[in-house]
Amino acid sequence: MAVWLTGLATARAQATPPLQTLAQMQAQMQAQGAPNATSLDVLHWWTSASERRAADQLGVLLGAAGVQWNDAAIPGGGGMAAVKVLKSRVLMGDPPDVAQLIGSTLTEWADIGLVLPLNALAARQRWQQALFPTVMELVSYKGDVVAAPLGVHRINTVLYNRHLFARLGLRAPRSWAEFAAAARAFSAAGIKPLAWSDEAWQIATVFESLLLSEAGPALYQEMIVQRKAAAWMDPRVERALQRLRWLRNLNGDMPQERAWTASARELMQGTAAMLIMGDWAKGELMAWGASAQTDFGCVAVPGTEKMHLYSVDTLAMLVNTRHPVALQEKMAETVSGMTAQLAYNRIKGSVPVRRDLSASAINSLDGCARDSWETFAAPGSARLPSLAHRMAADEVTKDAVAQALWRYLADPRMDALEAQKRLAAVIHLP
Ligand code: BGC
């Protein structure tokens with residue numbers, strides 16, 4: 001268990017009045033009868049235009065099912081601030097009813113009994129058959145189903161401005177050589193080749209795609225999933241780090257830590273030609289009125305075709321003194337159902353977590369989404385968990401990796417080998 005969670009478990013045990021166990025809460029709830037509230041407090045970090053709209057879409061569908069979405073949004077890309085607020089609310093004895101908990105953070109909370117199991121609902125809704133096995137695995141922990149899945153994001157995505165590429169007579173880059181040639185052409189034309197931010201989580205988001213591109217799925221697994229420190233000393237990691245610095249240097253010397261939406265805006269306005277970012281940036285461009293067919297396009301990061309570096313968004317139902325179990329189950333049922341899956345993911349930029357889409361539903365996806373969904377579904381594809389988005393490591397390890405990468409870029413005197421040593425040092429199994 002992560003160190004801060006051990007502290008939390010102790011605080012939970014010592015809290016006065018003591019926080020109840022799940023069994024105690026359920027017993028108390030039965031004794032008191034069903035709660036009559038109809039709203040659920042939802043803590044999440046979806047605050048950009050597309051994220052907001054996607055959450056509102058869920059709100060509308062839930063409203064029709066008799067569940068009111070009470071918004072507790074905490075701004076901050078990648079959820080850095082939201083995770084902290086959630087921790088403090090739990091420590092104060094006031095967890096929200098629902099939280100955007102994803103990947104390893106989800107299992108950490110489940111470990112201390114704060115997450116409501118959804119086993120009966122999952123069985124009733126035949127999640128095992130309907131959801132992708134990778135998704136089912138992510139929401140399952142120690143025999144329990146611990147979250148409702150919302151959508152699958154693809155991290156290894158290059159978004160590009162179609163108008164700029166057409167103007168220079170270039171095709172979207174399918175290899176690093178084409179990427180470099182396009183970068184040169186855009187620089188010569190006075191256009192920024194790649195929109196960039198030095199926020200640590202965004203650097204980590206770009207880096208893991210580069211790592212997958214250089215290392216391939218097998219070594220990526222060794223480094224990120226099995227967390228073998230020695231694997232981080234492989235020369236392919238050195239090359240990925242050098243490429244990271246090369247990409248960063250396309251943006252000059254000045255550090256610029258800014259929201260991911262600012263980079264998406266540059267792509268939209270045509271002041272930058274490309275952006276390497278999870279496909280939530282696609283959702284954002286669409287929310288601003290751009291079309292994936294005519295204004296921008298997506299390709300897999302060079303060297304990662306047929307690979308899906310994923311981040312799956314999930315909502316966990318938290319155990320608290322309000323006991324809104326029936327409403328929480330209704331929410332889980334609604335958001336994972338086909339109607340919400342198609343409507344929500346279309347806006348969010350992700351793809352449905354369900355594998356039972358009809359042919360017409362698949363055809364109705366935009367080009368980027370279809371490629372993402374089909375790649376995720378294909379038996380021969382490599383599906384790899386994102387480290388930067390909590391799919392593969394706890395919060396502390398993820399942050400330590402992101403910090404090491406940030407330092408490497410911030411300090412031009414640090415060479416790739418030194419960065420590798422630092423990364424190898426912070427990667428360890430829990
Ligand atoms: C989440 C996305 C979100 C993105 C930017 C990711 O970790 O999975 O849903 O849009 O962060 O905030």
Side-chain angles (χ1 to χ4, degrees), residues 44-55 73-85 100 153-161 164 179 183 186-187 190-210 241 243-290 295-296 298 301 311 313 348-350 386-390 395 398-412:
H44 62 89
W45 65 86
W46 295 313
T47 51
S48 76
S50 55
E51 293 173 337
R52 190 60 272 162
R53 272 196 206 176
I74 311 292
M80 305 299 287
V83 169
K84 291 194 179 81
V85 172
Q100 180 186 4
H153 276 299
R154 191 177 192 185
I155 308 289
N156 53 322
T157 306
V158 180
L159 292 146
Y160 63 95
N161 181 311
L164 292 179
F179 193 104
F186 284 117
S187 294
I191 297 163
K192 195 189 273 190
L194 183 70
W196 186 267
S197 167
D198 287 307
E199 274 191 344
W201 75 268
Q202 295 193 56
I203 295 173
T205 301
V206 173
F207 178 69
E208 60 188 16
S209 286
L210 305 184
L241 283 162
R243 178 159 290 134
L244 181 69
R245 183 163 271 161
W246 171 70
L247 289 175
R248 200 265 156 257
N249 288 347
L250 291 174
N251 274 266
D253 295 337
M254 288 301 286
Q256 39 178 334
E257 294 196 13
R258 56 188 198 160
W260 62 271
T261 44
S263 295
R265 181 65 75 183
E266 277 199 302
L267 190 75
M268 170 100 175
Q269 290 171 338
T271 47
M274 294 180 278
L275 171 64
I276 300 177
M277 182 53 70
D279 53 10
W280 49 85
K282 179 199 71 173
E284 196 68 5
L285 294 170
M286 289 167 75
W288 293 336
D295 298 320
F296 69 91
C298 349
V301 166
S311 171
D313 279 322
K348 186 67 178 65
S350 40
S386 156
L387 176 86
H389 295 274
R390 307 179 174 80
E395 199 73 7
K398 163 188 88 68
D399 288 346
V401 168
Q403 275 309 316
L405 291 167
W406 183 89
R407 275 172 198 282
Y408 163 67
L409 288 188
D411 181 359

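For the single chain, residues carry numbers from 1 onward in sequence order. Treat the numbers as computed from the prediction; the structure is a model and nothing was measured.
Taking all atoms of both residues into account, the shortest heavy-atom contact from Ile155 to Ser386 is CG1-CB, 4.0 Å. Residues Thr261 and Ser48 come closest through the heavy atom pair CG2-CB, 3.8 Å. The two residues Ala49 and Glu284 make their nearest non-hydrogen contact at N-OE2, 3.1 Å. Of all heavy-atom pairs spanning Glu51 and Trp45, the tightest one is OE1-O, 3.5 Å. Among all heavy-atom pairs drawn from Glu208 and Thr205, the shortest one is CG-O, 3.5 Å. Between Ser197 and Ile203, the shortest heavy-atom distance links the atoms O-CG1, 4.0 Å.
A heavy-atom distance below 4.5 Å is not found between the side chains of Ser50 and Met286. When side chains are defined from C-beta on, Thr157 does not count as touching Lys282, because their heavy atoms never get closer than 4.5 Å. Residues Met268 and Phe296 fail the side-chain proximity criterion, which asks for heavy atoms closer than 4.5 Å.
How far CH2 of Trp196 is from CG of Leu247: 6.0 Å, rounded to the nearest 0.5 Å. Atom CE of residue Met277 and atom CG of residue Leu194 lie 9.5 Å apart, to the nearest 0.5 angstrom. Expressed to the nearest 0.5 Å, how far NZ of Lys348 lies from CH2 of Trp46 amounts to 6.5 Å. Put simply, CZ on Arg265 and CG on Leu285 are 9.0 Å apart, with the number rounded to the nearest 0.5 Å. With values rounded to the nearest 0.5 angstrom, Asn251 atom CG is found 5.0 Å from Lys192 atom NZ.
Checked by atom type and distance alone, the side chain of Asn156 never pairs as donor or acceptor with a backbone atom of Ser209 at under 3.5 Å.
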Residues 401-409, side-chain donor-acceptor partners within the protein, below 3.5 Å, at least two apart:
from: Trp406; atom 1: NE1; to: Asp198; atom 2: O; distance (Å): 3.2
from: Trp406; atom 1: NE1; to: Glu257; atom 2: OE2; distance (Å): 3.0
from: Tyr408; atom 1: OH; to: Leu241; atom 2: O; distance (Å): 2.8

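For Asn161, the side chain to side chain contact (heavy atoms under 4.5 Å, CB included) criterion is met by His163, Leu164, Leu267, not counting sequence neighbours. When the side chain to side chain contact (heavy atoms under 4.5 Å, CB included) test is applied to Ala73, the partners found at least two apart in sequence or on another chain are His44, Thr47, Arg52, Asp71. Scored by the side chain to side chain contact (heavy atoms under 4.5 Å, CB included) test, Lys398 finds Met80, Arg390, Glu395 as partners (sequence neighbours excluded). Residues that satisfy the side chain to side chain contact (heavy atoms under 4.5 Å, CB included) test with Ala195, not counting sequence neighbours, are Arg258, Ser263, Glu266, Ala272, Leu275. Looking at residues two or more places apart in sequence or on another chain, you find a ring pair (Phe, Tyr, Trp, His ring centres under 6.0 Å) between Phe186 and Phe165.
Using the six-membered ring where Trp is involved, Trp280 and His153 have ring planes that are perpendicular, over 60° apart on the 30 and 60° scheme.
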